[in-house]
Amino acid sequence: MEKTVRVRFAPSPTGALHIGGVRTALFNYLFAKKHKGQFLIRIEDTDQTRFVPGAEAYIIKALEWCGIVADESPLVGGPCAPYRQSERKPMYAQYAYRMVEEGTAYYAFDTEQELDEMREKLKAARVASPQYNAITRMQMKNSLTLPEEEVKARLASGDPYVIRIKMPRKEEVRLNDLVRGWVVVHTSTLDDKVLLKSDGMPTYHLANVVDDYLMKITHVIRGEEWLPSAPLHVLLYKYLGWEAQMPQFAHLPLLLRPDGNGKLSKRDGDRLGFPVFPMDWQDPFNPEDKASGYREAGYFPDAFINFLALLGWNPGTTQEIFTMEELTQAFSIERINKAGIKFDIDKAKWYNQHYLRQKPDNELAIYLTNELEKQQINCSLEKAAKIVSLMKERAIFLADIWSEAQYLFFAPSSYDEKAASKWSNEASIVLEDYAQQLIRATDSISSEQAKQILHDCTEKLQMKIGKAMPALRLALTGHAAGPDLMEIISLLGAKEATSRIKTALANFEKMLG
RNA sequence: GCGCCGUUCAUCUAGGGGUUAGGAUGCCACCCUUUCACGGUGGAAACACGGGUUCGAUUCCCGUACGGCGUACCA
């Protein structure tokens with residue numbers, strides 16, 4: 001008797017998809033997959049004034065990058081097509097009219113100014129919440145206050161109107177949220193929300209309920225910002241006679257700003273130094289509106305998803321690393337938290353570092369050679385794989401590997417100052433000798449050979465190898481720290497290594513006078 | 001203002017009437033190491049406050065504080 005699980009992610013194409021939205025989509029997706037149900041994407045574009053071209057494509061592409069692919073969507077279609085509310089426009093009005101006929105909604109003819117005036121007046125009278133509600137609607141221009149003939153005349157003459165829900169004056173609305181338990185709201189605190197706008201489009205509230213019903217949605221998993229209007233939605237299901245088909249609700253805790261107040265928003269990202277969007281975004285008609293994304297910042301989609309999944313949800317075990325498959329197995333709504341989450345980018349970095357280390361070298365090598373090609377540097381995949389295995393332990397992002405690897409292709413143009421200041425005469429002596437020996441070796445020297453030669457030198461000169469290493473590293477790379485030096489020499493080749501040592505020697509001779 | 005939701009280390013969190021309140025990130029120390037990192041070991045670090053209920057409350061209830069969301073012909 002259990003219905004097939006059907007959930008939807010219903011973004012509004014008003015811009016880039018926020019990271020919180022990605023998480024909402026993810027939770028929906030995981031829930032659907034866990035229960036072998038369907039995950040659909042529905043575009044909520046009922047507000048034509050806020051439509052942003054490219055936003056829908058961005059949203060779908062971003063989710064795809066994350067590995068979240070919809071079973072039904074405007075792109076792939078499905079049994080409940082179309083999946084854009086703008087294309088479903090003709091379907092909504094009938095339900096609003098039905099409610100008017102049945103007395104649970106009414107026509108309202110008030111102009112914007114009249115509404116403003118009403119609010120001003122109520123504010124002046126210090127009414128707690130200036131709303132269009134059971135009390136104030138009797139002072140407004142609507143089918144409840146106007147004579148029937150006038151209403152008819154206005155409708156016939158094409159007077160602009162909206163349809164509002166007739167919110168009952170004293171009633172308790174209750175819903176059993178899967179995350180929060182019973183939530184009870186009194187209708188006296190709710191207002192007569194607009195259901196159908198004067199342009200004939202439904203508002204979110206109507207469209208959302210109608211579509212969820214028509215699309216046979218079983219669970220509505222959405223952000224907590226919707227909790228206050230959930231009772232309104234419950235009422236709509238009731239008035240439309242769909243109570244039995246009403247989906248279950250689960251309101252997710254919000255992603256909050258790391259530095260204190262408010263929910264994570266668009267602008268926080270670049271201000272606080274981390275992306276809030278999955279991919280780079282630029283509004284085609286408003287180039288000012290742009291933001292950086294996780295993809296371009298070097299995050300792996302699997303790391304990103306893993307990180308997101310554990311924001312507000314946990315498996316109840318100490319496991320923290322999950323593939324998408326493991327997530328779908330482990331996911332359950334019962335283990336979603338109630339409290340908001342302060343966003344912490346450090347954890348995301350840790351995940352990325354972890355995933356980077358797990359990636360096979362030959363896979364990462366492809367990226368490296370691509371980067372190198374951009375600089376006209378030829379490098380075999382084999383060599384690139386070696387470089388990667390050497391560098392990846394100390395990297396968080398792929399780009400770290402590249403920036404670290406620079407010195408394997410370019411001789412240092414400057415030296416780390418602190419390390420350079422420690423350069424000594426002894427260092428010069430060993431390196432002088434080492435260079436002499438190294439030049440005699442074959443160019444394709446192994447790290448073992450390089451090490452052997454260095455040992456021979458230091459032994460002969462009765463010097464500690466630890467003395468020579470920092471100077472050698474400085475000469476070879478210009479840096480004070482890095483991966484195994486002997487491996488670096490092997491990668492560089494004996495010839496290049498010798499040449500760099502000689503250059504360094506010459507440079508530091510001047511310095512030492 | 002009003003309504004709703006929330007509150008365990010700095011952060012993400014486990015737990016739940018009797019626990020040395022557990023893990024992870026970050027931070028610190030030590031070990032490993034030529035250095036840095038990785039890894040390993042260890043450390044500092046939390047139940048918002050006040051009342052109840054109870055033999056006992058961080059856990060249950062009520063307040064307060066603080067925070068979040070909502071309060072549009074936006075979603």
Side-chain angles (χ1 to χ4, degrees), chain A residues 10-14 44-47 49-50 85 108 110-112 115 119 123 126-132 160-164 177 179-181 183-186 188-191 193-205 207-208 222-231 251 253-254 256-258 260-263 307 310-321 335 337-351 353 357 391-396 400 404 419 451 454 464-474 477 479-486:
Chain A
S12 182
T14 54
E44 310 237 328
D45 54 351
T46 52
D47 186 353
T49 64
R50 296 212 310 161
Q85 289 184 331
D110 316 277
T111 63
E112 217 176 307
L115 289 171
R119 291 191 192 104
K123 241 187 230 169
R126 290 206 264 158
V127 171
S129 42
Q131 293 182 319
Y132 204 119
Y161 66 91
V162 300
I163 293 180
R164 287 179 182 271
D177 187 273
V179 172
R180 280 146 223 283
V183 175
V184 185
V185 177
H186 200 92
S188 62
T189 66
L190 268 22
D191 62 346
K193 278 269 173 316
V194 170
L195 265 20
L196 196 72
K197 301 189 255 189
S198 54
D199 64 1
M201 274 292 215
T203 59
Y204 167 82
H205 305 294
N208 160 262
R222 77 229 296 196
E224 197 192 348
E225 69 264 32
W226 294 111
L227 193 53
S229 54
H251 288 93
L254 264 18
L256 271 20
R257 282 165 51 164
N261 310 200
K263 69 172 169 177
F307 163 67
L310 274 87
L311 256 27
W313 172 84
N314 75 82
T317 66
T318 54
Q319 184 178 355
E320 292 202 274
I321 303 299
R335 296 208 64 92
N337 287 133
K338 298 177 183 65
I341 298 123
K342 271 194 185 165
F343 192 80
D344 179 20
I345 195 65
D346 280 337
K347 195 86 181 202
K349 285 184 182 161
W350 175 76
Y351 270 110
Q353 181 188 41
R357 265 183 275 144
M391 300 293 188
K392 78 174 179 183
E393 291 298 306
R394 61 205 338 96
I396 292 175
D400 296 339
E404 266 277 311
K451 192 168 195 172
L454 184 64
K464 279 200 173 152
I465 199 154
K467 273 267 183 195
M469 284 289 192
L472 182 55
R473 178 182 298 282
L474 193 65
T477 70
H479 293 277
D484 189 272
L485 254 187
M486 299 306 128

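A, B, ... follow the sequence lines: proteins, then strands. Residue 1 opens every chain.
- For D344(A), the salt bridge (Lys or Arg N to Asp or Glu O under 4.0 Å) test picks out no residue, with sequence neighbours left out.
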Distances under 3.5 Å between protein N/O atoms and the N/O atoms of nucleotides 43-49 of chain B, please, pair by pair.
none

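- Considering only the side chain of I341(A), rC12(B) comes nearest among rC38(B), rC12(B), rU7(B).
- Not counting sequence neighbours, the partners of E224(A) by the side-chain contact (heavy atoms from CB on, under 4.5 Å) test are R180(A), L227(A), L254(A).
- Scored by the salt bridge (Lys or Arg N to Asp or Glu O under 4.0 Å) test, K197(A) finds no partners at all (sequence neighbours excluded).
- T46(A) comes within 4.0 angstrom of the backbone, heavy atoms only, and of no base.
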Please tabulate the protein-to-nucleotide N/O contacts below 3.5 Å involving nucleotides 30-34 of chain B, giving atom names and distances.
unit_1  : atom_1 : unit_2  : atom_2 : d
rU34(B) : O4     : D484(A) : OD2    : 2.6
rU34(B) : O4     : L485(A) : N      : 3.3

Would you list the protein and nucleotides 21-24 of chain B atom pairs, both N or O, that sit under 3.5 Å from each other?
unit_1  : atom_1 : unit_2  : atom_2 : d
rA24(B) : O4'    : E320(A) : OE1    : 3.1
rA24(B) : O2'    : E320(A) : OE1    : 2.5
rA24(B) : O2'    : E320(A) : OE2    : 3.3
rA24(B) : O2'    : K347(A) : NZ     : 2.8
rA24(B) : N3     : K347(A) : NZ     : 3.3

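- D177(A) pairs by the side-chain hydrogen bond (donor to acceptor under 3.5 Å, both in side chains) definition with H251(A), not counting sequence neighbours.
- Remark: S188(A) engages no residue in a side-chain hydrogen bond (donor to acceptor under 3.5 Å, both in side chains) (not counting sequence neighbours).
- The side-chain hydrogen bond (donor to acceptor under 3.5 Å, both in side chains) test applied to K392(A) returns D361(A), not counting sequence neighbours.
- At least one side-chain nitrogen or oxygen of R357(A) sits closer than 4.0 Å to the OP1 or OP2 atom of rG39(B).
- In this view, P315(A) and L310(A), W313(A), T317(A), F322(A) satisfy the side-chain contact (heavy atoms from CB on, under 4.5 Å) rule, not counting sequence neighbours.
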Check: protein-nucleotides 69-73 of chain B nitrogen or oxygen pairs below 3.5 Å:
unit_1  : atom_1 : unit_2  : atom_2 : d
rC69(B) : OP1    : K263(A) : N      : 2.9
rC73(B) : OP2    : R164(A) : NH2    : 3.3
rC73(B) : O2     : S198(A) : N      : 2.8
rC73(B) : O2     : S198(A) : OG     : 2.7
rC73(B) : N3     : S198(A) : OG     : 3.0
rC73(B) : N4     : D110(A) : O      : 3.3

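- With rounding to whole Å, Q353(A) atom CD is found 11 Å from rA37(B) atom P.
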Got a list of protein N/O to nucleotides 14-16 of chain B N/O distances below 3.5 Å?
unit_1  : atom_1 : unit_2  : atom_2 : d
rA14(B) : OP1    : N314(A) : ND2    : 2.4
rA14(B) : OP1    : N337(A) : ND2    : 3.2
rA14(B) : O3'    : R335(A) : NH2    : 3.3
rG15(B) : OP1    : R335(A) : NH1    : 3.4
rG15(B) : OP1    : R335(A) : NH2    : 3.1

